[in-house]
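Pasting a structure here, questions to come.
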Amino acid sequence: MHRWSEAFIPTLREAPADAEVASHKFLVRSGYIRQLAAGIYSYLFLGNRSFNKIVAIVREEMDRIGQEFYLPALHPRELWEASGRWGLMGENLFRLKDRKGADLCLGMTEEEVMTSIALKDLRSYKQLPQIWYQIAPKFRDEPRPRSGLLRVRQFMMKDAYSFDIDAAGLDVSYKKHYDTYCRIFDRCGLKYMVVEADSGAMGGKESHEFMVRTPAGEDQIVSCDGCNYAANLEKATSRLEPWGDLAPEGDGKPLLVHTPGQKTIEDVAKFLGVSPKNKIKTLAYMAEEKDEKTGKTKLRGVVVLMRGDHQLNEAKLNGAVGAPTRPMEESEIKALFKSPAGYLGPVGIEWARDRKKDADKPVLFVDKALEGRVNLIAGANQEDYHMKNLTPGKDFHPTAYADLRAVTAGEGCPNCSLSLRIDTAVEIGHIFKLGYRYSESMGARVLDKNGKEVMPIMGCYGIGIERILTAAVEQSNDENGFWLPASIAPFEVVVSPVNVKDEAVRAAAEDIAKQLEAAGFDVILDDRNERPGVKFKDADLVGIPFRITVGNKVTEGTVELVLRSTREVRDVRITAVVESLRELLGRTG
RNA sequence: CGGGGAGUGGCUCAGCCUGGUAGAGCACCUGGUUCGGGACCAGGGGGUCGGAGGUUCAAAUCCUCUCUCCCCGACCA
């Protein structure tokens with residue numbers, strides 16, 4: 001039996017000065033974790049117990065659909081060069097050299113390692129499908145570690161990879177993971193939601209993120225209370241009013257208009273007596289395009305056209321570009337548009353028709369809200385002049401139309417008619433269809449039924465173990481501490497004798513703790529010679545969902561059962577303690 | 001990397017502006033009294049003031065450099 005008097009549970013009365021978010025404060029105060037360096041934490045007794053319970057749940061559920069591996073964290077450079085990620089990952093990859101001077105890195109994910117195994121030992125469609133996973137530390141040299149365990153440089157990740165013979169097979173593997181993730185997070189007692197996600201620059205089609213709403217999160221999610229629509233802000237869309245209603249006026253013949261001193265969208269719209277919805281917003285960016293093979297970066301102009309009253313979503317832009325972007329500097333704007341800012345427009349510039357083929361020309365992305373519109377107004381690339389009656393595709397030629405608009409709260413749901421809400425959330429899991437990216441670059445091939453060589457199609461699926469704990473703490477805390485779902489709490493119940501010097505109380509507590517342990521509960525006995533207040537404060541702080549208070553009512557054969565989440569106190573006969581807890585935990589004897 | 005803030009016993013912080021040889025609360029150790037929501041009394045231990053250099057008779061305090069940590073932005077488990 002675990003005794004508090006012998007356990008190392010260094011609780012703190014005050015939160016450390018450098019903790020900002022609730023989970024960080026409480027995990028430190030409760031003695032779960034201690035910081036070693038920025039984004040690097042040690043898990044102490046309680047933290048590790050909780051951690052292990054989460055891992056056990058993840059493992060148990062994953063074992064139903066896949067096979068657990070144990071893979072190295074230390075990877076040779078060549079492996080990452082084969083996939084092209086040695087150059088692509090940049091500073092986020094921890095790199096080191098061995099004594100011979102050979103380059104190594106610490107794994108951020110295991111696509112390369114898994115694929116290297118697949119390409120050697122998967123030969124036939126008969127071996128597919130395969131789902132391989134591991135639960136192991138991952139390393140990322142984050143630009144900014146943050147918020148306690150939320151964003152760290154070393155963390156435990158369950159990462160899984162699926163190999164299928166075709167897209168239909170991948171659909172099945174993907175669905176298996178989707179369902180498994182739901183089971184895992186349900187068992188961990190989290191209130192989560194599943195959102196459509198952006199699969200990022202790495203390609204791939206379908207992608208879902210598992211999110212827990214909390215102000216401490218780093219993501220913005222858009223959701224509808226009326227239907228099941230939910231998406232990451234990076235990906236979310238909303239319903240637009242039909243553009244026919246915007247009543248554009250004009251004859252479709254481009255016309256230069258004098259607009260002295262009218263620089264902003266608002267100014268111009270008012271000056272010309274039209275709605276900003278008829279105006280084109282021209283935004284200029286530079287993209288840092290990276291050559292996969294050489295790893296060299298090259299700057300390229302990227303111009304974005306938005307409807308006048310819309311905002312650009314930079315995440316969508318980065319996704320569309322496939323490379324990081326930054327706003328153009330004054331000199332770069334001058335060089336491209338030959339016009340001062342405030343009068344920029346798309347007309348008269350030769351845009352790339354094809355991004356790859358016309359590598360020397362700037363790219364023009366036009367938001368989908370402008371597709372099909374006519375008689376629009378944009379800057380004329382001439383001081384004090386704008387141009388009317390513009391039609392995209394006729395008067396200028398976009399490189400591509402793309403969804404680049406930022407959804408704002410209150411807009412219409414794309415599926416139903418209700419309005420959308422936006423919440424901050426933390427991502428605890430992410431599943432996505434990788435496709436052929438690694439099979440192709442690393443050369444994984446199997447023979448299909450016809451003896452033809454084909455590439456296996458892959459999926460990858462991650463869960464952040466720390467984030468489950470963090471999200472659980474964020475989800476359930478008050479000024480005194482937090483409470484975890486029994487399934488992931490370090491202990492399910494703490495037995496707190498009010499005074500260990502009172503022999504009747506001490507003996508009863510001891511006896512109850514033994515009974516609970518014998519009944520299969522994870523119990524800790526707070527046998528410290530402390531005043532009751534100290535014990536109660538500690539018990540409230542450390543995340544244990546139930547407490548048995550053993551006090552002077554033992555003489556009547558009664559103790560108190562305290563529910564941490566609601567602070568409800570129930571008098572329970574000593575003989576009925578085990579039964580009461582079983583009931584609360586939904587457990588049968 | 002850009003912008004902002006902070007480094008003083010284990011924790012939270014004062015002292016710095018206006019140099020004069022380090023202080024409080026909590027925690028810890030000993031003894032005693034207490035015992036249903038972070039007790040009280042008495043005694044005690046513990047600090048290279050992040051580091052290096054400089055100014056000065058004298059530096060936690062002023063100057064220069066540097067390291068670390070936190071917060072805001074690009075990342076995503």
Side-chain angles (χ1 to χ4, degrees), chain A residues 10-21 24 28-29 31 34-40 58 89-93 108-109 135-160 181 197-202 207 209-212 217-219 232 234 288 314-315 317-318 323-327 425-432 460-471 480-481 496-502 505 528-541 547 549-554 559-560 562 567 569:
Chain A
T11 57
L12 265 32
R13 188 185 291 242
E14 282 169 293
D18 52 13
E20 198 81 3
V21 301
H24 187 195
V28 174
R29 277 193 61 197
R34 285 294 183 264
Q35 186 180 48
L36 189 61
I40 306 177
V58 172
M89 274 313 171
E91 306 260 83
N92 257 23
L93 192 62
M108 314 174 55
T109 55
I135 302 172
K138 295 289 176 292
F139 302 86
R140 297 186 187 175
D141 196 356
E142 290 290 340
R144 186 156 88 83
R146 188 181 0 210
S147 306
L149 292 188
L150 214 53
R151 177 154 229 92
V152 288
R153 294 194 289 175
Q154 173 177 346
F155 62 98
M156 197 66 90
M157 178 159 97
K158 186 290 298 174
D159 51 324
Y181 275 35
D198 189 47
S199 43
M202 274 301 159
S207 175
E209 287 167 333
F210 292 75
M211 297 284 200
V212 174
E218 302 180 297
D219 282 274
N232 194 303
E234 294 171 3
E288 291 176 29
E314 294 202 15
L317 175 62
N318 288 342
T325 57
R326 60 159 175 83
V426 58
E427 179 187 3
I428 52 174
H430 193 168
I431 56 178
F432 81 99
C460 78
Y461 318 89
I463 288 179
I465 306 295
E466 282 87 346
R467 285 194 176 174
I468 293 181
L469 177 59
T470 307
N480 295 310
S496 308
V498 147
N499 182 353
V500 291
K501 293 213 174 139
D502 180 325
V505 168
R528 293 175 296 170
N529 181 20
E530 286 287 355
R531 296 166 60 83
V534 173
K535 295 187 178 190
F536 295 160
K537 288 287 183 191
D538 272 345
D540 285 350
L541 176 63
R547 181 175 93 209
T549 307
V550 183
N552 33 33
K553 278 180 273 187
V554 284
V559 293
E560 287 166 4
V562 184
R567 320 219 99 198
V569 181

Does the pair E530(A) and D538(A) meet the rule for a side-chain contact (heavy atoms from CB on, under 4.5 Å), with working shown? CA-CA 11 Å; E530(A) 286 287 355; D538(A) 272 345; over 6 Å; no
Taking the side chain from R140(A) and the backbone from M108(A), do they hold a donor-acceptor pair closer than 3.5 Å? yes
Should rU21(B) form a Watson-Crick or G-U wobble pair with both distances under 3.5 Å, which nucleotide is its partner? none
Taking side chain to side chain donor-acceptor pair (under 3.5 Å) as the test, write out the residues that go with T549(A), two or more places apart. R547(A)
Which one is paired to rG37(B), where only Watson-Crick or G-U wobble pairs with both distances under 3.5 angstrom count? none
For atom C1', what is the distance between rU8(B) and rU12(B), given to the nearest Å? 12 Å
Counter-base of rG43(B), judged by Watson-Crick or G-U geometry with both distances under 3.5 Å: rC29(B)
Using a heavy-atom cut-off of 4.0 Å across all strands, would you classify P16(A) as base, sugar-phosphate, or nothing? sugar-phosphate
Count the heavy atoms belonging to other residues, nucleotides or ligands that lie under 6.0 Å from CD of E91(A), then report whether that count exceeds 12. no
What I want to find out is whether E218(A) reaches R467(A) closely enough, with some N-O distance under 4.0 Å, to be called a salt bridge. yes
Would you tabulate the pairs of protein nitrogen or oxygen atoms and nucleotide nitrogen or oxygen atoms of nucleotides 5-9 of chain B closer than 3.5 angstrom?
none

Hunt down the Watson-Crick or G-U wobble partner of rU68(B), both distances under 3.5 Å, from any strand shown, or write none. rA6(B)
Could you give me the CA-CA distance, side-chain angles and deciding distance for V498(A) and F536(A), then say whether side-chain contact (heavy atoms from CB on, under 4.5 Å) is met? CA-CA 9 Å; V498(A) 147; F536(A) 295 160; 3.9 Å; yes
Using only atom types and a distance under 3.5 Å, with no angle test, would you say the side chain of Q154(A) pairs donor to acceptor with the backbone of G39(A)? no
Provide the distance between the two C1' atoms, one in rG51(B) and one in rA60(B), to the nearest whole Å. 14 Å
Work out how far the P atom of rC71(B) is from that of rA27(B), and round it to whole angstrom. 28 Å
Donor-acceptor contact present, side-chain R29(A) to main-chain L12(A), <3.5 Å: yes
If only atom types and distance count, is the side chain of R151(A) paired as donor or acceptor with the main-chain N or O of R144(A) below 3.5 Å? no
With sequence neighbours left out, write down each residue that passes salt bridge (charged side-chain N to carboxylate O under 4.0 Å, His left out) with E20(A), or none if nothing qualifies. none
Give the C-alpha distance, both sets of side-chain angles, the deciding distance and a yes or no for side-chain contact (heavy atoms from CB on, under 4.5 Å) between M211(A) and N232(A). CA-CA 9 Å; M211(A) 297 284 200; N232(A) 194 303; 3.7 Å; yes
Which nucleotides of nucleotides 67-77 of chain B have their base under 4.0 Å from a protein heavy atom (B), which only their sugar-phosphate (S), and which neither (-), written as one string 5' to 3'? --SSBBBBBBB
Rounded distance in Å between the P positions of rC28(B) and rG20(B): 34 Å
Heavy-atom protein contacts under 4.0 Å, nucleotides 36-44 of chain B, coded B base, S sugar-phosphate only, - none: BBBB-----
Rounded to whole angstroms, how far apart are CD on E530(A) and P on rU34(B)? 17 Å
Paired nucleotide for rG73(B) [Watson-Crick or G-U wobble; both distances under 3.5 Å]: rC1(B)
Write down the partner of rG53(B) under the Watson-Crick or G-U wobble criteria, each distance required to be under 3.5 Å. rC63(B)
Results of side-chain contact (heavy atoms from CB on, under 4.5 Å) for K537(A) - residues two or more places apart only: N480(A)
Pick the C1' atom in rC29(B) and in rC76(B), then give their distance to the nearest Å. 48 Å
